[in-house]
Novice: 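My questions will all concern the structure given below.
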Number of protein chains: 2
Amino acid sequence: MALRHAVLAALLDGEYSGYQLAKAFDIGVANFWHALPQQLYAELAKLEKEGLLSGRQVLQEGRPNKRLFTVTEAGRAELEAFAETVAKPSFIRDDLMVKVQAADRIGTAAVIAQLDERAEVSRGKVEFLTELLRTLRGDAPEDEYLRHGERIGPYLTCLRGVAFEQETRDWCLRIAAVLRARQENRAEHA
Amino acid sequence: MALRHAVLAALLDGEYSGYQLAKAFDIGVANFWHALPQQLYAELAKLEKEGLLSGRQVLQEGRPNKRLFTVTEAGRAELEAFAETVAKPSFIRDDLMVKVQAADRIGTAAVIAQLDERAEVSRGKVEFLTELLRTLRGDAPEDEYLRHGERIGPYLTCLRGVAFEQETRDWCLRIAAVLRARQENRAEHA
DNA sequence: TTAGTCATGTAAGTCGTTACATGATTAT
DNA sequence: ATAATCATGTAACGACTTACATGACTAA
């Protein structure tokens, strides 16, 4: 039972439909949780049935109707209780790192290519999230916003997201360089 | 099917029993994958049945017998094939960040306490992993080792682990400070 | 006319976590 | 005595992924 709290936390900032929430889980929410749309639709239904969310139907013309969800008092209480429980440590789980671990026992060419690709993806995310941070804090300088802003939660998780992606990028580039240097070395001594 | 490759990659460095592998998954392997002992015992049995690992019984006195596993040629081939496939991006999934996201809509005291605690845990991991790096590279300076060392895979993933933990610690301390400052602010204006 | 956005799900299968189960040896 | 280490699993449940299913509107 963990996705439920991520959904509740994401919905604190307003009304969302399942579809909009799925978008959010690709953008800002991705900084602290990941989930596919199918999971979200199922979780929203469950949370509504339990009374932690309330949904209302919105009729639309020219596009499908949708249901918008808001966190109820019970939902806020559930989050409150969750915050008191001990958090489990977070784990890295990354295909690419499994490949790097095996790197000098298997062919390295494919791994190097994927490191380059990942570095590029991370660069894009850093750029995107940096822009998102600017939007979130508006005109105010950062420390001012952090001291007096009304809603800083999403900003704080976004900060972590930027640092994580930046760090991912640095590592990928460095490891790719190391593996390339070793390839050249081997070519020379052959 | 992802744990299987993490297990194969971990076993590249020698013979392990399920018990020893579980230890490894708490230490070095934790830098790229996480799994509980139960999962590992099940996965080892499956991999052996498929011929990707071979196990041999070791009789012991004064303590329970154990089974040691080695990667077979088929296992190495499986890893090779895995390295060629496209890696999925890795996701953050962290209870603590869910709490921070909700931070200014719920009570912050518990969150601050957990941030401090996590910072301390991460500090410990950084220290431990830094020492592990030193052990792995022996006497050689790092760039020398990375160019000519025989087996650098575990070192490379460990580097990422250190960076990740260091970054986690910095973030926790910073966020805890921000939340504390806001608490004091509110106290002054009350 | 092709791809992308908006919008919501079901079904099957795999993966991961929690709880349970056992039992001898060694260090504090 | 108590806790930790060594050693291997089973069973039940909950979470997550992959594949499938539908259908109208809009922009290039």
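Note that the coordinates shown come from a computational prediction; the quantities given were computed from them, not determined experimentally. Each chain gets a letter, A, B and so on, in the order the sequences are listed, and its residues count up from 1. The figures that follow rest on heavy atoms only: side chains count, while hydrogens, waters and symmetry mates do not.
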Novice: For residues 100-133 of chain B, pull every pair meeting ring-ring contact (aromatic ring centres under 6.0 Å, His included), keeping only residues two or more places apart or in separate chains.
Specialist: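 Found none.
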Novice: Could you check which of dT18(C), dC6(C), dG23(C) has an atom nearest any side-chain atom of Pro64(B)?
Specialist: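 Nucleotide nearest to Pro64(B)'s side chain: dG23(C).
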Novice: Applying ring-ring contact (aromatic ring centres under 6.0 Å, His included), name anything that partners Tyr145(B), two or more places apart in sequence or on another chain.
Specialist: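 Applying ring-ring contact (aromatic ring centres under 6.0 Å, His included) to Tyr145(B) gives Tyr155(B).
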Novice: Which residues within residues 44-60 of chain B lie with some heavy atom under 4.0 Å of an atom in DNA chain D?
Specialist: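 Heavy-atom cutoff 4.0 Å gives Gln60(B).
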Novice: Could I get the full list of side-chain hydrogen bond (donor to acceptor under 3.5 Å, both in side chains) partners for Arg56(A), not counting sequence neighbours?
Specialist: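 Arg56(A): side-chain hydrogen bond (donor to acceptor under 3.5 Å, both in side chains) contacts with Glu15(A).
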Novice: Under the salt bridge (charged side-chain N to carboxylate O under 4.0 Å, His left out) definition, can you give me all pairs with a residue in residues 151-169 of chain A, not counting sequence neighbours?
Specialist: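 Applying salt bridge (charged side-chain N to carboxylate O under 4.0 Å, His left out) to every pair that reaches into residues 151-169 of chain A, excluding sequence neighbours, yields Asp13(A)-Arg151(A), Lys125(A)-Glu165(A), Arg151(A)-Asp104(B), Arg160(A)-Glu167(B), Glu167(A)-Arg160(B).
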Novice: I want to confirm an ordering. Mapping Gln39(B) and Gly62(B) to their closest nucleotides on DNA chain C, which one lands closer to the 5' end?
Specialist: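 Looking at DNA chain C, the more 5' nearest nucleotide goes with Gln39(B).
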Novice: How would you list, by chain and number, every residue that makes a side chain to side chain contact (heavy atoms under 4.5 Å, CB included) with Glu50(B), sequence neighbours excluded?
Specialist: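 Per chain and number, Glu50(B) pairs via side chain to side chain contact (heavy atoms under 4.5 Å, CB included) with Arg4(B), Lys46(B), Leu52(B).
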Novice: Tell me, please, which residues at least two apart from Phe82(A) pass ring-ring contact (aromatic ring centres under 6.0 Å, His included).
Specialist: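 Result, ring-ring contact (aromatic ring centres under 6.0 Å, His included) vs Phe82(A): His5(A).
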Novice: Output all residues satisfying side chain to side chain contact (heavy atoms under 4.5 Å, CB included) with Arg63(A), sequence neighbours left out; order by chain, then residue number.
Specialist: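 Side chain to side chain contact (heavy atoms under 4.5 Å, CB included) check on Arg63(A) returns Gln60(A).
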Novice: Just the rounded figure in Å: distance from C1' of dA19(C) to CD of Gln38(B).
Specialist: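 Between C1' of dA19(C) and CD of Gln38(B): 9 Å.
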Novice: Could you state the OH-C1' distance from Tyr16(A) to dA7(C), rounded to the nearest angstrom?
Specialist: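 Atom OH in Tyr16(A) sits about 17 Å away from atom C1' in dA7(C).
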Novice: Between the two end axes of the helix from dT1(C)-dA28(D) to dT28(C)-dA1(D), each built from 5 base pairs, what angle do you get to the nearest 10°?
Specialist: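 Answer rounded to 10°: the end axes differ by 60°.
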Novice: Mind jotting down which residue pairs meet the ring-ring contact (aromatic ring centres under 6.0 Å, His included) criterion with at least one end in residues 88-114 of chain A? Sequence neighbours excluded, please.
Specialist: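 Only Phe91(A)-His34(B) qualify under ring-ring contact (aromatic ring centres under 6.0 Å, His included).
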Novice: If a pair satisfies salt bridge (charged side-chain N to carboxylate O under 4.0 Å, His left out) and one of its residues is in residues 28-39 of chain B, list it, with sequence neighbours excluded.
Specialist: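 For residues 28-39 of chain B, and leaving out neighbouring residues, there are no salt bridge (charged side-chain N to carboxylate O under 4.0 Å, His left out) pairs at all.
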Novice: Should Arg147(B) and Asp143(B) count as an ion pair when the cut-off is N to O under 4.0 Å?
Specialist: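 Counted as a salt bridge, because a side-chain N and a carboxylate O are separated by less than 4.0 Å.
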Novice: How long is the line joining NZ of Lys88(A) and P of dG16(C), in whole Å?
Specialist: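 Rounded to the whole Å, the gap is 14 Å.
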Novice: Using chain A heavy atoms and a threshold of under 4.0 Å, write down where along DNA chain D the contacts begin and end, 5' to 3'.
Specialist: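 Going 5' to 3' along DNA chain D, contacts run dG14(D) to dC25(D).
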Novice: What I want to find out is whether Glu144(B) reaches Arg137(B) closely enough, with some N-O distance under 4.0 Å, to be called a salt bridge.
Specialist: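 Salt bridge: no.
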Novice: What contact category does Arg4(B) fall into here, base, sugar-phosphate, or nothing, at under 4.0 angstrom with non-hydrogen atoms?
Specialist: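 Here Arg4(B) touches no strand at all.
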